[in-house]
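Taking it in order: structure first as structure tokens, then the write-up.
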Amino acid sequence: MTATSECHATDDHRAALRLHAPVNEWFTEHARELPWRRPEAGAWGVMVSEFMLQQTPVSRVLPVYEQWLARWPRPADLAAEEPGEAVRAWGRLGYPRRALRLHGAAAAIAERHGGDVPTGHAQLLALPGVGEYTASAVASFAYGQRHPVLDTNVRRVFTRLFRGREFPPNATTAAERKLARAVLPEEEATAARWAAATMELGALVCTARKPDCRACPVATECAWKIAGSPPHEGPPRRTQTYAGTDRQVRGRLLAVLRETSAPVPKERLDEVWHEPVQRARALDGLVADGLVEPLAGGVYRLPRSRPHSTAR
DNA sequence: TAGGCGTGGCC
DNA sequence: TGGCCAAGCCT
């Protein structure tokens, strides 16, 4: 570690001290009322919401979240269910492997943690589908712990505020983690609130396309705004193609199976895509992922057997 | 570590 | 219109 970078972190830390109060006060004033922020949501509600919100907008999560919590109010309720039912209830949220992983996480919680969402960051991280972000988010939002929470919103806010650039790098860097830790409030409850507040600021004000700097509580401190809001430089931001990809085929195949409780003959699945090689590859991929269960006689259904070990 | 993995709304 | 974007994870 060079002296220069140590100094940089210290400078960031000093700069951040002036930001904690205005950002957290802005959050008090402007935070959206979301069901997983209600006290009665509990840690399980927080965890379910975090899985569903991975790469998926709040507006589309809301109805599915309500149905999910009503049907499976505790981890053990979901764990006792067929994994295919989790995939079905996932509906059109996208990335259905998340449904399978949430089911696996519920099973692990039931088996390893007595049915209660664990409080330790390492225990959370060991659950299927829980990465660095989700473990920190659950520990922070559900249990009020002090963790750097680096999601796409926070990365963008910090990049603008402290680095003077419009967008963060494609992949999260060690420098970003260091920065997030350096600017984290010392006091536990303040840090947990800061995590939620910086995320909300990124979601509502410091947005990717049209940041509303007039509404920003720390606009006068923002390095990017002070620099004249220079446009993004460097490598183009990673974007995803979809039309014509295996993902689109997988989506169509799974949509058929979600809507049918009885096993579906392969001929019915063949109707969703014209190109046989890609169609077969997509179906094989779904089977390999445990999202589809092949039965004897060329029929398919959502998985009944436990597809994955809950160990990790 | 780059790339696979859904879906839909927005401008 | 179509590229961009949305509270990532996993290999």
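In what follows, every chain begins at residue 1, and chains take the letters A, B, ... in the order their sequences are listed. This structure is a prediction, so every number in the text was calculated from the model and none was measured.
The CZ-C1' distance, from A:Arg98 to C:dG8, rounds to 9 Å in whole Å. Distance CZ (A:Arg156) to C1' (C:dC5): 9 Å, rounded to an integer number of Å. Remark: P of C:dA7 and CZ of A:Arg37 are 12 Å apart, rounded to the nearest angstrom. One can place CZ of A:Arg97 at 13 Å from P of C:dC9, the figure rounded to the nearest angstrom. When rounded to the nearest whole Å, the span between CD of A:Glu132 and C1' of C:dC10 equals 14 Å. As a whole-Å value, the separation of A:Leu125 CG from C:dG8 P is 16 Å. As a whole-Å value, the separation of A:Leu127 CG from C:dC10 C1' is 15 Å. Atom-to-atom, CG of A:Leu100 to P of C:dG8 comes out at 20 Å; the value is rounded to the nearest Å.
Looking only at side-chain heavy atoms (C-beta outward), A:Val299 and A:Lys266 stay at 4.5 Å or farther from each other. For the pair A:Leu253/A:Val292, no side-chain contact is recorded, criterion being any heavy-atom separation below 4.5 Å from C-beta on.
A:Asp284 is linked by a side-chain hydrogen bond (donor to acceptor under 3.5 Å, both in side chains) to nothing, counting only residues two or more places apart in sequence or in another chain. Taking the ring-ring contact (aromatic ring centres under 6.0 Å, His included) definition, one finds that A:Trp26 meets it with A:His30, sequence neighbours left out. Qualifying ring-ring contact (aromatic ring centres under 6.0 Å, His included) partners for A:Phe141, counting only residues two or more places apart in sequence or in other chains: none. In this structure A:Arg247 satisfies the side-chain contact (heavy atoms from CB on, under 4.5 Å) test together with A:Tyr95, A:Gln240, A:Tyr242, A:Thr245, sequence neighbours excluded. For A:Thr56, the side-chain hydrogen bond (donor to acceptor under 3.5 Å, both in side chains) partners two or more places apart in sequence, or in a different chain, are A:Arg98. For A:Arg163, the salt bridge (Lys or Arg N to Asp or Glu O under 4.0 Å) partners are A:Asp12, not counting sequence neighbours.
Positionally, the nearest nucleotide of DNA chain B for A:Ala171 lies more toward the 5' end than for the other of A:Gln54 and A:Ala171.
Taking the P atom of each, C:dC9 and B:dG8 are spaced 23 Å apart, rounded to whole Å. C:dA7 and B:dA2: their C1' atoms are spaced 22 Å apart (whole Å). Atom P of B:dT1 sits at a distance of 23 Å from the matching atom of C:dA6, rounded to the whole Å.
Read 5' to 3', the first and last nucleotides of DNA chain B with an atom closer than 4.0 Å to a heavy atom of chain A are B:dG3 to B:dC10.
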Exercise. Could you go through the salt bridge (charged side-chain N to carboxylate O under 4.0 Å, His left out) check for A:Arg304 and A:Glu293 one step at a time?
Key: CA-CA 8 Å; A:Arg304 292 263 176 86; A:Glu293 189 174 339; over 6 Å; no

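Taking a 6.0 Å sphere around CZ of A:Arg281, one finds it holds more than 12 heavy atoms contributed by other residues, nucleotides or ligands. Within 6.0 Å of CZ on A:Arg38 lie more than 12 heavy atoms contributed by other residues, nucleotides or ligands.
Looking at residues 182-216 of chain A, you'll see A:Arg209 sit with a heavy atom under 4.0 Å from some atom of DNA chain B. Interface residues of residues 235-251 of chain A facing DNA chain C, ordered by number: A:Arg237, A:Thr239; criterion, heavy-atom separation under 4.0 Å. Within residues 56-74 of chain A, the residues having any heavy atom under 4.0 Å from DNA chain B are, by residue number, A:Thr56, A:Arg60.
Nucleic acid contact class of A:Leu253 (heavy atoms, under 4.0 Å, all strands): none. Here A:Leu254 lies out of heavy-atom contact (under 4.0 Å) with every strand. Residue contacts shown for A:Trp90 are absent, as no nucleic acid heavy atom lies under 4.0 Å away.
Taken from CZ in A:Arg97 to CG in A:Leu291, the straight-line distance is 7.5 Å, to the nearest 0.5 Å. Taken to the nearest 0.5 Å, the CZ atom of A:Arg165 stands 8.5 Å off from the OG1 atom of A:Thr159.
A side chain to side chain donor-acceptor pair (under 3.5 Å) check over residues 61-78 of chain A, counting only residues at least two apart or in different chains, returns the pairs A:Arg71-A:Glu85, A:Trp72-A:Glu81, A:Arg74-A:Asp77.
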Below 3.5 Å, can you tabulate the donor-acceptor pairs from side chains in residues 216-230 of chain A to any protein atom, sequence neighbours excluded?
residue, atom, partner, partner atom, Å
A:Glu221, OE1, A:Arg18, NE, 3.4
A:Glu221, OE1, A:Arg18, NH2, 3.1
A:Trp224, NE1, A:Pro230, O, 2.7

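A close approach under 4.0 Å does not occur between any side-chain nitrogen or oxygen of A:Ser49 and OP1 or OP2 of C:dA7.
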